[in-house]
Amino acid sequence: MKVTIIGSGYVGLVTGACLAEQGNNIFCVDVDPKKIEILNSGGVPIYEPGLKEMIERNRAAGRLQFSTDIAASVAHGDIQFIAVGTPPDEDGSADLQYVVAAARNIGRHMTTPKVIVDKSTVPVGTADKVSAAITEELEKRGLSPELCSVVSNPEFLKEGAAVEDFMRPDRIVIGTESTPAGMRAKEQMRKLYAPFNRHHERTYYMDVKSAELTKYAANAMLATRISFMNELANLADLVGADIEAVRQGIGSDSRIGFGFLYPGTGYGGSCFPKDVSALSKTAKEHGRDLKILDAVEAVNELQKYTLVQKIEKRFGKDLKGMKFALWGLAFKPNTDDMREAPSRVIIAELVKRGAQVVAHDPVAMPEAGHALEVDFKGNPDGLKQVSMVDNPMNALDGADALVIVTEWKAFRSPDFEQVMQKLKRPVIFDGRNLYEPQSMQELGIEYFGIGRHN
């Protein structure tokens with residue numbers, strides 16, 4: 001099938017590459033010429049395991065192309081995926097200007113029937129806005145709005161496992177209209193996703209608004225579990241309980257399960273923060289306060305300061321002359337995404353207290369450099385207090401303590417004898433509970449986890 005992907009960012013690239021892998025003819029378009037230049041020269045502007053190799057393979061096979069030519073992209077695909085960014089607006093709502101702009105471009109150039117697919121994460125009612133924008137452009141040209149139908153097909157891709165998630169989805173959600181055009185669109189989407197349903201049917205068909213809400217509901221539920229466990233972990237610290245034992249005790253309940261029950265330094269990334277905020281904003285627009293989600297956001301913001309509070313309790317508020325090694329910059333492992341990363345808050349707070357930070361991350365250091373330049377724009381002297389090294393062990397040289405922020409596998413089993421030799425003091429602040437407190441005590445390491453027996 002001929003498919004156009006509008007937007008060559010995270011969702012667009014994964015969607016395009018994976019659909020090309022199934023034999024479809026994919027045209028990826030983006031308004032950013034630098035991004036398209038990188039892709040056409042063999043590079044990939046984001047880090048995602050397996051994605052670069054898949055793009056290379058399908059470009060070589062002629063099934064995947066990248067361009068800035070909007071008219072050509074509209075002409076190419078019978079199915080047009082809108083996968084552009086929906087950043088948070090100042091009031092927390094999703095900014096739909098790029099989605100609507102993409103819809104208008106389709107309406108300006110289309111001459112044959114098209115299925116328009118909202119792949120971007122968008123609030124309930126966006127499909128109506130997309131349809132209205134396209135209809136307006138079609139009517140300006142004297143064409144019938146019945147030429148197109150808008151479908152909601154939200155993505156459920158975990159950063160760091162997005163290719164695997166797309167190729168082996170646990171569910172495919174498709175929301176269509178109950179019109180003749182909507183029924184035709186449903187059939188085309190069924191054909192497009194047929195290869196992903198060979199083992200068993202994974203597709204859930206529903207109305208458009210329900211599909212739009214499903215995406216936000218899923219991310220809000222996961223974010224809620226994370227904030228709930230962080231609240232419990234902080235309580236465990238106060239009462240002397242072990243949150244890991246609690247996690248196993250409640251996770252064994254089949255009604256609860258083990259997923260997303262790991263306490264830490266708070267969630268970040270491109271999805272949870274903005275989606276929780278946007279869902280809460282949507283509710284307020286309809287006269288309803290989602291009090292649980294407001295609490296989830298508040299808890300998450302406070303959690304990013306938890307490690308700093310532990311450091312302050314151990315060393316005092318004045319950290320001048322002290323150096324901290326920091327392992328992990330990305331908001332989660334297997335990605336270089338620094339959006340809303342807890343490391344940014346932790347670094348800023350340590351520097352504010354006069355400390356020096358030496359950081360390491362397996363892949364995110366270039367992106368972290370850009371992010372920290374933004375964070376320290378008004379404080380260039382503070383930025384000089386932060387450095388990055390290519391080897392995690394080198395970050396430890398002469399440091400007063402090790403701070404772990406991201407749970408990369410490479411950090412799970414370090415040479416602790418070497419860690420102790422390099423650190424000025426054998427102190428670890430573990431924001432991801434990678435190590436067992438008892439083992440650390442036996443090694444002579446002063447250990448501070450999140451909700452463990454510290």
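Throughout, numbering of the chain's residues begins at 1 and tracks the sequence.
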(request) Check Asp30 against Ser8 and note the closest heavy-atom contact, atom names and distance. (result) OD2-N, 2.7 Å
(request) Evaluate the side-chain proximity of Thr282 to Ser93: yes if any heavy-atom separation is below 4.5 Å, no if none is. (result) no
(request) Using a strict 4.0 Å threshold on nitrogen-to-oxygen distance, state whether Asp289 and Lys284 make a salt bridge. (result) yes
(request) Rounded to the nearest 0.5 Å, what's the gap from CG on Leu307 to OG on Ser343? Could you check? (result) 11.0 Å
(request) Considering only NZ, NE, NH1 and NH2 on the basic side and carboxylate oxygens on the acidic side, decide whether Glu436 and Arg452 come within less than 4.0 Å. (result) yes
(request) Establish, from distance only, whether the side-chain atoms of Tyr447 and Asp430 form a donor-acceptor pair under 3.5 Å. (result) yes
(message) Under a 3.5 Å threshold, yes or no: a donor from one side chain and an acceptor from the other, between Tyr10 and Glu48?
(response) yes
(message) For Val44 versus Leu39, what's the shortest heavy-atom pair and its separation?
(response) CA-CD2, 4.3 Å
(message) Going by ring-ring contact (aromatic ring centres under 6.0 Å, His included), name the pairs with one or both residues in residues 14-56, residues two or more places apart or in two chains.
(response) Phe27-His76
(request) With rounding to the nearest 0.5 Å, note down the distance linking NZ in Lys215 to CG in Asp118. (result) 13.5 Å
(message) Between Glu446 and Arg425 (salt bridge meaning N to carboxylate O under 4.0 Å), is one present in this structure?
(response) no
Under 3.5 Å, which donor-acceptor pairs link side chains of residues 119-130 to any protein atom two or more places apart or in another chain?
residue	atom	partner	partner atom	Å
Lys119	NZ	Asn153	O	3.3
Lys119	NZ	Asn153	OD1	3.0
Lys119	NZ	Tyr193	OH	3.3
Ser120	OG	Ile82	O	3.2
Ser120	OG	Val84	N	2.9
Ser120	OG	Val84	O	2.7
Thr126	OG1	Pro123	O	2.7
Asp128	OD2	Lys209	NZ	3.1

(message) Salt bridge or not between Asp400 and Lys323? Use side-chain N to carboxylate O under 4.0 Å.
(response) no
(message) Give me the atom names and distance for the closest heavy-atom approach of Glu159 to Ser270.
(response) OE2-OG, 3.1 Å
(request) Report, as yes or no, whether the 6.0 Å neighbourhood of atom CD on Glu285 holds more than 12 heavy atoms from other residues, nucleotides or ligands. (result) yes
(message) Just by distance, no angles: are the side chains of Asn25 and Arg63 close enough, under 3.5 Å, to form a donor-acceptor pair?
(response) no
(message) With a 4.5 Å cut-off on side-chain heavy atoms, are Val208 and Val150 touching?
(response) no
(request) Please name the pair of heavy atoms, one in Glu137 and one in Arg108, separated by the smallest distance, quoted to 0.1 Å. (result) OE1-CG, 3.2 Å
(request) May I ask you to say whether Arg339 pairs ionically with Asp337, meaning some side-chain N is under 4.0 Å from a carboxylate O? (result) yes
(message) Do Asp95 and Gln97 pair up side chain to side chain, a donor and an acceptor below 3.5 Å, judged on atom types alone?
(response) yes
(message) If I compare all heavy atoms of Ala103 with all of Ala133, which pair ends up nearest, and what's the gap?
(response) CB-CB, 4.1 Å
(request) Please check if atom CZ in Phe258 has more than 12 non-hydrogen atoms from other residues, nucleotides or ligands closer than 6.0 Å. (result) yes
(message) Between Pro45 and Leu13, is there a side-chain heavy-atom distance shorter than 4.5 Å?
(response) yes
(request) Say whether, by atom type as modelled, one donor and one acceptor occur between the side chain of Ser277 and the main chain of Lys274 under 3.5 angstrom. (result) no
(request) Taking the side chain as every heavy atom from C-beta outward, state whether Ile6 and Phe81 have any atom pair closer than 4.5 Å. (result) no
(request) Ignoring hydrogens and angles, state whether a donor on the side chain of Asn58 or Glu21 is under 3.5 Å from an acceptor on the partner side chain. (result) yes
(request) Not counting sequence neighbours, list each pair that qualifies as a ring-ring contact (aromatic ring centres under 6.0 Å, His included) and has a residue in residues 425-444. (result) Phe416-Tyr435, Phe429-Phe448
Could you list the donor-acceptor pairs under 3.5 angstrom formed between side-chain atoms of residues 219-235 and any protein atom two or more places apart in sequence or on another chain?
residue	atom	partner	partner atom	Å
Asn219	ND2	Asp275	OD2	2.6
Thr224	OG1	Ala220	O	2.6
Arg225	NE	Gly259	O	2.9
Arg225	NH1	Ile256	O	3.1
Arg225	NH2	Ile256	O	3.1
Arg225	NH2	Gly257	O	3.3
Arg225	NH2	Gly259	O	2.6
Ser227	OG	Val296	O	3.0
Asn230	OD1	Gly264	N	2.8
Asn230	ND2	Ile226	O	3.4
Asn234	ND2	Asn230	O	3.2
Asn234	ND2	Gln303	OE1	2.9

(request) Could you tell me whether the side chains of Glu417 and Gln421 share a donor-acceptor contact shorter than 3.5 Å? (result) no
(request) Identify which one of Ile445, Leu326, Ile428 satisfies the side-chain contact (heavy atoms from CB on, under 4.5 Å) criterion when paired with Leu402. (result) Ile428
(request) State, with a plain yes or no, whether a side-chain heavy atom of Ile46 is found less than 4.5 Å away from one of Leu51. (result) yes
(request) Would you check if there is a donor-acceptor pair between the side chains of Ser280 and Glu297 at a distance under 3.5 Å? (result) no
(request) Ignoring hydrogens and angles, tell me if any N or O in the side chain of Ser41 forms a donor-acceptor pair with the backbone of Glu37 under 3.5 Å. (result) yes
(message) Is the shortest side-chain heavy-atom distance between Lys317 and Arg353 below 4.5 Å?
(response) no
(request) Output yes when Lys304 and Glu349 qualify as a salt bridge under the 4.0 Å nitrogen-oxygen rule, no when they do not. (result) no
(request) Please name the pair of heavy atoms, one in Ala278 and one in Ala94, separated by the smallest distance, quoted to 0.1 Å. (result) CB-N, 4.1 Å
(request) Taking only Lys NZ, Arg NE, NH1 and NH2, and the carboxylate oxygens of Asp or Glu, determine whether Lys310 and Asp237 approach each other closer than 4.0 Å. (result) yes
(message) Just verifying a value: how many Å separate Ile311 CD1 and Met322 CE, rounded to the nearest 0.5 Å?
(response) 8.5 Å
(message) Test your reading of the model: is there a side-chain donor-acceptor pair from Gln65 to the backbone of Gly62, 3.5 Å cut-off?
(response) no
(request) Hey, could you give me the CD1/CD1 distance between Ile243 and Ile450, rounded to the nearest 0.5 Å? (result) 10.5 Å
Below 3.5 Å, can you tabulate the donor-acceptor pairs from side chains in residues 380-398 to any protein atom, sequence neighbours excluded?
residue	atom	partner	partner atom	Å
Asn391	OD1	Met393	N	2.8
Asp397	OD1	Lys422	NZ	2.7

(request) Starting at CZ of Phe196, measure out to CZ of Arg171 and round the result to the nearest 0.5 Å. (result) 15.5 Å
(message) Taking Ala71's backbone N and O only, do any of them form a donor-acceptor pair with Asp69's side chain (distance below 3.5 Å, no angle check)?
(response) yes
(request) With the side chain counted from C-beta on, respond yes when Leu19 and Phe166 share a heavy-atom pair under 4.5 Å apart, and no when they do not. (result) yes
(message) Counting C-beta onward and ignoring hydrogens, is there a side-chain heavy-atom pair between Leu372 and Met338 closer than 4.5 Å?
(response) no
(message) With rounding to the nearest 0.5 angstrom, report the NZ to CG distance, Lys158 to Asp165.
(response) 3.5 Å
(message) Would you say Thr406 and Arg432 are linked by a side-chain donor-acceptor pair, where the criterion is simply a distance under 3.5 Å?
(response) no
(message) Around atom CD of Gln418, are there more than 12 heavy atoms from other residues, nucleotides or ligands closer than 6.0 Å?
(response) yes
(request) May I ask you to say whether Glu53 pairs ionically with Arg57, meaning some side-chain N is under 4.0 Å from a carboxylate O? (result) no
(message) Strictly by ring-ring contact (aromatic ring centres under 6.0 Å, His included), give each pair with a member in residues 326-385 just once, sequence neighbours left out.
(response) Trp327-Phe411
